[in-house]
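Report on one structure; see the data block that follows.
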Protein chains: 2
Amino acid sequence: MTRVLVVDDEPDFRRALAVTLRSHGYTVVAAADGDEALQLAAEVPPDLVVLDLGLPVLDGIGVLTRLRAWSTVPVLVLSGRSDSADKVDALDAGADDYVTKPFGIDELLARLRVMERRVSSDAESAPVSLGNVRIDAGARRVTVGAEEVRLTPTEWHLLDVFLRSPGRLLSQRELLAEVWGPGYETAQGNLRLYMAQLRRKLEADPSRPVHFVNEPGLGYRFQP
Amino acid sequence: MTRVLVVDDEPDFRRALAVTLRSHGYTVVAAADGDEALQLAAEVPPDLVVLDLGLPVLDGIGVLTRLRAWSTVPVLVLSGRSDSADKVDALDAGADDYVTKPFGIDELLARLRVMERRVSSDAESAPVSLGNVRIDAGARRVTVGAEEVRLTPTEWHLLDVFLRSPGRLLSQRELLAEVWGPGYETAQGNLRLYMAQLRRKLEADPSRPVHFVNEPGLGYRFQP
DNA sequence: GGCGGTCCTAACGCACCCCTAACGCCGCTC
DNA sequence: GAGCGGCGTTAGGGGTGCGTTAGGACCGCC
């Protein structure tokens, strides 16, 4: 299920858009202003973002800039202004698409499908096996041999990030920003703790990790 | 240099667009009809495609469909029709963006930059091969033959600088300033040390370097 | 109110990485 | 052939990052 974050300050418009998106199979999270949007995006990272430019206090470009500091989620910008300079500013600030109000809902849905294609082509979730450890991320289930192992929400969150980029080295900044949200990039002790937890539960010999390897000074790598 | 394939049947428009794109640093290949476009795309795969929908014989949607059979290159569709159904058709057929004529050239360029961002972020993980040594800077991973070689943070940092400018001679001042920061331009012993480390880990015969060559009195050169 | 579970902070060894210094070698200059 | 500067190599000490443990704060549930 694709999760969409809708950011717009007009309650009626926001609600109408949310209803339409839900009727087309999306899971919708709505925010009324920039701060709420950033907070929601950090707590439960969405798959797509629909962002209105005309927000009070923190405007759309501001939201986009701060979001892009740690996230690469596709963002579709909505705006009442069709001025070319506005479009260029938003697109160069990190937006993936720009639609001017009023717009046809069919076009918006089609453009969302384009962004969805890109996301889903990256993420494919099939069960992973490490020796006698089986990880089924979709079903939120881990079994070691015959017996089941329980993971806490934070452990799952961390494991998800690794499953998304197998073999790649993930810097501590990336991991911290992804799991604990932006602003927690300095809580390294936390990351060390949960890496130990994952290893204790998923590695055959936790003191000699094979699948969750640390590269000193760089970060951690998940080896399937 | 980003390669753009421009497909449009109107010679004047095609030429004008090509000139504009070239003046903004793109390498442009132009095609006047669908068959020529597909042939060119197959011969020398472009990084981006700008496709007019109103082509004779094989129309834009047809080109898009055949292209998508084997290529995932980003495609920006141009069209004189602003009808919502046309946009939906093109986007669902595999287009990444849809711009209606007449359009502001600034907007088109901004939208091309968006697609360019995506291509370059994917191509970030393009591994480099030196003999039986494989360097994947994106995944932070180096393998010599079958076994993996670990590099320290400073070694990676230094290697990154070389990978960014292959074949170019880099002065010691440049290297020192880039890796150790400005002010460390005199710590040449340091640089010699880490060059030795890189050679020991990446050269087949470290005492006779082939890829990391010193030019006495000048600096070092990376030969892929 | 008691209790199990989860999450976070702080502190302590230990290993490893980075830097400095010194020495031998080669090629260039005179 | 002697002197010199630049380069490659080795060894050792200081510092930092990592794994680990213990303890307390917070929340939901019985």
Side-chain angles (χ1 to χ4, degrees), chain A residues 42-44 140 142 148-161 169-181 183-222, chain B residues 140 142 149-161 169-181 183-222:
Chain A
E43 283 169 6
V44 198
R140 292 271 104 129
V142 173
E148 188 162 346
V149 175
R150 287 194 43 228
L151 266 59
T152 70
T154 310
E155 290 164 5
W156 271 116
H157 203 157
L158 182 57
L159 182 56
D160 277 338
V161 182
L169 185 120
L170 297 164
S171 73
Q172 347 211 15
R173 292 189 70 86
E174 283 181 82
L175 292 166
L176 285 164
E178 188 72 34
V179 177
W180 282 271
Y184 280 77
E185 283 93 351
T186 53
Q188 302 172 10
N190 230 318
L191 180 58
R192 292 198 297 244
L193 186 73
Y194 277 89
M195 285 309 300
Q197 301 268 31
L198 276 186
R199 295 209 257 238
R200 193 174 312 157
K201 294 185 178 180
L202 302 178
E203 291 273 6
D205 182 357
S207 63
R208 287 236 238 291
V210 178
H211 299 108
F212 297 90
V213 194
N214 169 261
E215 308 251 351
L218 297 171
Y220 293 87
R221 184 195 307 279
F222 170 57
Chain B
R140 288 271 109 115
V142 173
V149 176
R150 283 190 43 225
L151 267 57
T152 69
T154 311
E155 290 164 5
W156 272 114
H157 203 158
L158 182 57
L159 181 57
D160 278 338
V161 180
L169 178 82
L170 296 164
S171 72
Q172 339 210 19
R173 292 189 70 85
E174 282 182 82
L175 291 166
L176 284 164
E178 186 72 32
V179 177
W180 283 271
Y184 280 75
E185 283 93 352
T186 53
Q188 302 172 11
N190 230 319
L191 181 57
R192 293 200 296 255
L193 183 75
Y194 277 91
M195 286 309 301
Q197 300 268 32
L198 277 186
R199 295 208 259 238
R200 191 178 315 159
K201 294 185 178 181
L202 302 178
E203 291 274 5
D205 182 357
S207 61
R208 285 218 237 296
V210 178
H211 299 108
F212 298 90
V213 194
N214 170 261
E215 309 250 350
L218 299 173
Y220 293 87
R221 185 193 306 276
F222 170 57

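Not measured: the values here are computed from a predicted model. What's counted below: heavy atoms across the whole structure, side chains too, no hydrogens, waters or symmetry copies.
- Nearest-nucleotide assignment on DNA chain D puts the 5′-proximal partner with B/Arg192, out of B/Arg192 and A/Asn214.
- The phosphate of C/dG5 (OP1 or OP2) has no side-chain N or O of A/Arg150 nearer than 4.0 angstrom.
- Here the C1' atom of nucleotide C/dC8 and the CG atom of A/Leu176 are 13 Å apart, to the nearest Å.
- By the 4.5 Å heavy-atom criterion applied to side chains, B/Leu169 and B/Glu215 are counted as neighbours.
- We find the CG-CZ distance between B/Leu191 and B/Arg173 to be 12.5 Å, quoted to the nearest 0.5 Å.
- Here the CG-CD distance, from B/Asn190 to B/Gln188, works out to 10.5 Å after rounding to the nearest 0.5 Å.
- Note on B/Asn190: a side-chain N or O is less than 4.0 Å away from OP1 or OP2 of C/dT20.
- Atom CG in B/Leu191 sits about 14 Å away from atom P in C/dC18, given to the nearest Å.
- Taking every nucleotide of DNA chain D with any atom under 4.0 Å from a non-hydrogen atom of chain B, the first and last of them, 5' to 3', are D/dG6 to D/dT10.
- How far CZ of B/Phe212 is from CG of B/Leu158: 8.0 Å, rounded to the nearest 0.5 Å.
- Whole-Å rounding puts the A/Tyr194 OH to C/dT9 P distance at 10 Å.
- Between A/Gln188 atom CD and C/dA10 atom P there is a gap of 14 Å when expressed in whole angstrom units.
- The B/Thr154 side chain lies nearest to C/dC18 when the options are C/dT20, C/dC7, C/dC18.
- If you measure from atom CD of B/Glu215 to atom P of C/dC28, you get 13 Å, rounded to the nearest angstrom.
- A straight line from CH2 of A/Trp156 to C1' of C/dT6 spans 17 Å, rounded to a whole angstrom.
- As judged by a 4.0 angstrom heavy-atom cut-off over every strand, A/Gln172 is placed among residues touching the sugar-phosphate backbone only.
- The residue A/Gly189 sits apart from the nucleic acid: no heavy atom pair falls under 4.0 Å.
- Rounded to the nearest 0.5 Å, atoms NE2 (A/His157) and CD (A/Glu178) are 5.5 Å apart.
- At a threshold of 4.5 Å between non-hydrogen side-chain atoms, the residues B/Trp156 and B/Val142 count as touching.
- An OP1 or OP2 oxygen of C/dC7 is reached within less than 4.0 angstrom by no side-chain nitrogen or oxygen of A/Trp180.
- Under the 4.5 Å side-chain criterion, counting only non-hydrogen atoms from C-beta, A/Val179 is not in contact with A/Tyr194.
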